[in-house]
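What follows is a short report on a single structure.
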Amino acid sequence: MRDPIHNLLSPNRTEEIGYDVWREYVLPPFLTRTTFSETRKPRVIVGGRGCGKTMLLRYLSHESTFSTDRVSIPDDAVGHVGLYWRSDTQFAQLMHERGQPADVWDTAFRHWAATVFGIEFLRSLQSIANSASSVLSEADVCSLDFSRLAAYRSDLPSTTEDLRRKLEDCLAEFENWASNVRSADAPVFLPGDRFLRRMIALAQEQVPSLKPLVYFVYIDEYENLAEYQQRIINTWLKHSEPPLIFNVATKRNGFKTKLTDGSESLSEINDYRVLDLENFDLDSEFPLFAAEILLLRLKLGGVAVSEIDPDQLRDSEQLPSRKDAQYSRKIQGALRQLFPGLTQSDLARRVFQDGSLKQRLLARIEDALEKRGELRSRCNEVCDERFPEASVVVPALLNRQSTPPEVIATEFEKLTGGTDNKFTGKTDWVHNNFVGCYLQLFDGLGRPCPFYGGFETFCQLARGNLRHFLELCYKTLSRLEGSGIGSDTVVPIEMQAESARQVASDLLPEIRSFGPQGNNLHTFVLRLGSLFSLSQQSPSQSEPERSHFSVSEGDSALGAFEQKFLSEAVKWSVLFEEKGTKKKDVTAAEGVEFVLNPIYAPYFHISYRKKRKLELTASEVTALISGNYEAVNKLLRAYQKRWTVEISGPQRTLFSHLMEGGEE
Amino acid sequence: MIITLQEGREEAEIDWKHWDLTLHGKAIDDRGFVVLESVRHRAIEMTEVVYDPFQLKVAVGNERIAADDLTETLATTRGMSVLIEATTLGFAEIVLICKALREIKHDSIDIVYLEPSGYQRELRHPLLKRRDFELSSEVPGYRAIPGSAVLLGDRKKVRSVFFLGYEEARLRRAFEELQMLSPASTAVAFGVPAFRAGWEMDAMANNISVIREQNMRGGVHFCGAENPLAVFELLCEVHRGLDQGERLVLAPIGTKPHGIGVALFAAAHSEVGVLYDHPLRAPGRTTDLGHWHLFSIDDFQGG
């Protein structure tokens, strides 16, 4: 029997929610009233797994727009009627070769689309008639006469219901033929988008209130279709105009071909606009949006949540009110109460309140002093419970040959004396080194690190991915099983941090299912994460919080396979691609930076923040992507030596293969 | 269809026949070489069959044909006794061959399979090993097989049965690539008893997280890992229980005998669909030799 928390939060898959998502949907903040309902430009909707793409498309589809849960529907809703098509791409891959000429498959694909669009169109009429909209009634639907469609196929019936059933039979007929091209007769093919246009025109002719009807077809998983199929859809995009506008949804890097059936290719701006669903302001928009979704789910599940009004969340007219600062504070405040985080100074104070952490810190300082030829007893000159943040960064400073211990002691004294110093002044040792040093205190400790807890932290770990955010919340709240959730529930930080680690561990094996390169993407993440983890363990923390890399010669220096591999990694959100930032060499070419998805950070015990970059050579990146084990072993050992990292017992999890000499 | 099972620890324990033709795949490990050598002495003719899931073509001996033409190509086997060598053939080849031979009206066929005595088990382990850092082959993913394809759709009523092995990624990938599968009507089947005691735990332990995550709740079944008859009987029962208009889709991503059971059932029920991810078999993937199996199918034209 599934626990209540699971029931509330677990249906992360939109498929489980159904076609009518009106009740559950929360309009993303970057959408405006004009984004969909008033635009006539085709959209290419881009987003990775878990970004809410399918949910958005279902929201835009007729079942949700004309949901029976909506008590009132404006008449102009017919100006945007969505038809959603997620093609079965494993079946679509059957549609080539096999002794059939290319033009037969071309026509067959158009026919497939036409039957699906036709069925959805007829269903949409029913949705409109069954809804609170006054534009179309059940009687109108029953009175529609589609007999003129017989011009395309003589066996098409004239009434709405019979036609829908016939088109469903056509779909079965198509399926049978496509699966058995030798033994089944080819059907009479319907002419793709023209068929749908004709159906719309016939309906508009007969029911004047449907004159404003504009259909938006949303084709999902575009990236998995064959190129010729994509060209057909591109052609529809290019020729989109009311009452029929085509749109596609695809993963990042999935909209590759711009070719059409004609001589002109698609061009952005002229022919379509890109809507990037991950184009959140990660600092302000995403936390609010994520909080709203979680609170809505809790509210729909019966938990008392006074902060939100479900109607407000799904109404495009009320989007501006959701951008109000007071509203934002209220919503995010509720989540901060549920998942409180710790400030840097809280984290530092807790080190001294925890016996074993304090002991670890002292031991690290004393060991570092001894290595520098200083007395261990000097520890009290550079460690003071009243200045916990500075104390935490001291071990790293002492491990830097470039920084004399005397200087550290002097600066510490200035700090405790209240004068300008390098710990908190311009040099800002604390700001630059605290997180890396704090993580080191938990290396191999076997207990959760509070750095990974807190609502804001969950948002950063999720990095705009709603599914990951909800997974973090679900895993955390499920640990409360038995206690239930109430308006005064507060989840301890350790529980949150442990959940973050567990989610990271659970999501890593998923990478294997990310397309044909899944296994190798998984291996690459382990390799790259291990390298970042080694960096994190560097005693001197000279470049702390490394969680992204660039190719020093520029990514064009990589081979074609490696470039394609990185593109695939970005497509599956294993890596995020960002424009290069600070260059150490100002004459170097502007490149890109690849950020490891922060959701995996707790597994590798590294920072989830994007701070310092690791510049790798093209040959090093090549080794990580396509090198054999020996090449990777050599690379990791080289960096281990460079960063003077000692791998001991507590780090066995990640580096056991290195400790065993690479043998099983 | 009458399926008779023979099993022996040694080759000599099987009551062998002689065949006019053996259809086989490429040997990539000791098992493959041993079994091909064994059947070579028992068949007049040996023909290699290899399916290409990207080009949808089959190489039959030296001839490369569209998969849809396999029936026509094998028509010359009418009246011949045919042995299908399932150790070296992949599932796709087996189902294509079974369907073709049934269309050609073969009344009986035989299938030989030499099980592994061990394999590179991939258990979830907290410690990362060398192999976690090694590269593997690409996996084509779920691609329809001509003659066994079902068009999935969001509104289509489909009941699916996954026959599971130890590789959780294959089940996970199915739900990643085939998002129209409904977890509510997805059942799983484990190979119990397993080839070796304890192996069933690998499959269960590795797949349980996916089953739970996806909330699969169409049922859990158990069929002997080496028993295609049990699979056939299970599927007959599932098929009888389908709702009006509901299609059955099978995903044999577990043991080869389970795949054989699925292939035989799919051959007998043309409306049943198959989902398969066409993994590339790693050389040396299995170690040493296990038990020999000879499955004899009589009344092949029956249901």
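These numbers were taken from a predicted model, which means no experiment stands behind them. Within every chain, numbering begins at 1; the chains are lettered A, B, ... in the order of the sequence lines, protein sequences first and strands thereafter.
Ion pairing between a basic and an acidic side chain is recognised when a charged N comes within 4.0 Å of a carboxylate O; A:R527 and B:D132 show no such pairing. With respect to B:R173 and A:E510, no salt bridge is recorded, no charged nitrogen being found less than 4.0 Å from a carboxylate O. Comment: A:E120 engages B:R155 in a salt bridge, judged by a side-chain N to carboxylate O separation of less than 4.0 angstrom.
At a heavy-atom separation below 4.5 angstrom, chain A is approached by no residue within residues 91-103 of chain B. Residues of residues 53-63 of chain B lying under 4.5 angstrom from chain A, judged on non-hydrogen atoms, are B:F54, B:Q55, B:L56, B:K57 in numerical order.
Heavy-atom distances place the backbone of B:S148, and not its side chain, under 4.5 Å from chain A. Proximity to chain B is absent for every atom of A:S183, based on heavy atoms less than 4.5 angstrom apart. Contacts between A:F174 and chain B at a heavy-atom distance below 4.5 Å involve the side chain alone, from C-beta outward. When heavy atoms are compared at a cutoff of 4.5 Å, A:I625 approaches chain B solely by way of its backbone atoms N, CA, C and O. Contact of B:L275 with chain A is made through the side chain alone, with heavy-atom distances under 4.5 Å. In this structure, chain B has a heavy atom under 4.5 Å from the side chain of A:W572, while its backbone stays farther away. Using a 4.5 Å cut-off between heavy atoms, B:V150 touches chain A through backbone and side chain atoms alike. There is no contact between A:Q100 and chain B, counting heavy-atom distances below 4.5 Å. Proximity to chain B (any heavy atom under 4.5 Å) is shown, for A:W85, by neither the backbone nor the side chain.
Of the listed residues B:P140, B:A144, B:A66, B:S270, the one with more heavy-atom pairs under 4.5 angstrom with chain A than any other is B:A144. Highest contact tally toward chain B, considering only A:R98, A:R49, A:E97, A:E221, is held by A:R98 [criterion: heavy-atom pairs under 4.5 Å]. Of all the listed residues (A:E175, A:Q517, A:H522), the one sharing the greatest number of non-hydrogen pairs under 4.5 Å with chain B is A:E175. Of the residues considered (A:G515, A:A172, A:G99, A:S626), A:G515 shows the highest number of contacts with chain B, using heavy-atom pairs under 4.5 Å.
B:E213 contributes atom CD, which lies 6.5 Å from atom CG of A:D506 (distance to the nearest 0.5 angstrom). Here A:N628 contributes atom CG and B:E134 contributes atom CD; the two are 8.5 Å apart, rounded to the nearest 0.5 Å. Remark: B:L151 CG to A:N176 CG distance equals 11.5 Å, nearest 0.5 Å. Put simply, CG on A:L526 and CZ on B:F133 are 5.0 Å apart, with the number rounded to the nearest 0.5 Å.
Residues A:R86 and B:M180 share a closest heavy-atom pair of O-SD, 3.6 Å. The nearest pair of heavy atoms linking A:S179 to B:D68 is O-OD2, 4.0 Å. Nearest heavy-atom pair across A:Q90 and B:Y142 is CB-O, 3.3 Å.
When the shell of 6.0 Å around NZ of B:K157 is examined, it contains more than 12 heavy atoms from other residues, nucleotides or ligands.
Here the side chains of A:F91 and B:L152 are not in contact, with every heavy-atom distance at 4.5 Å or above. Between A:L94 and B:P146, some side-chain heavy-atom pair lies under the 4.5 Å cut-off.
When atom types are taken as modelled, the side chain of A:S513 and the backbone of B:A169 share no donor-acceptor pair closer than 3.5 angstrom. In terms of modelled atom types and a separation under 3.5 Å, the side chain of A:Q93 and the main chain of B:R143 share no donor-acceptor contact.
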#### Entry: From CA spacing to verdict: side chain to side chain contact (heavy atoms under 4.5 Å, CB included), B:D154, A:Y19
CA-CA 9 Å; B:D154 282 313; A:Y19 305 104; 3.5 Å; yes
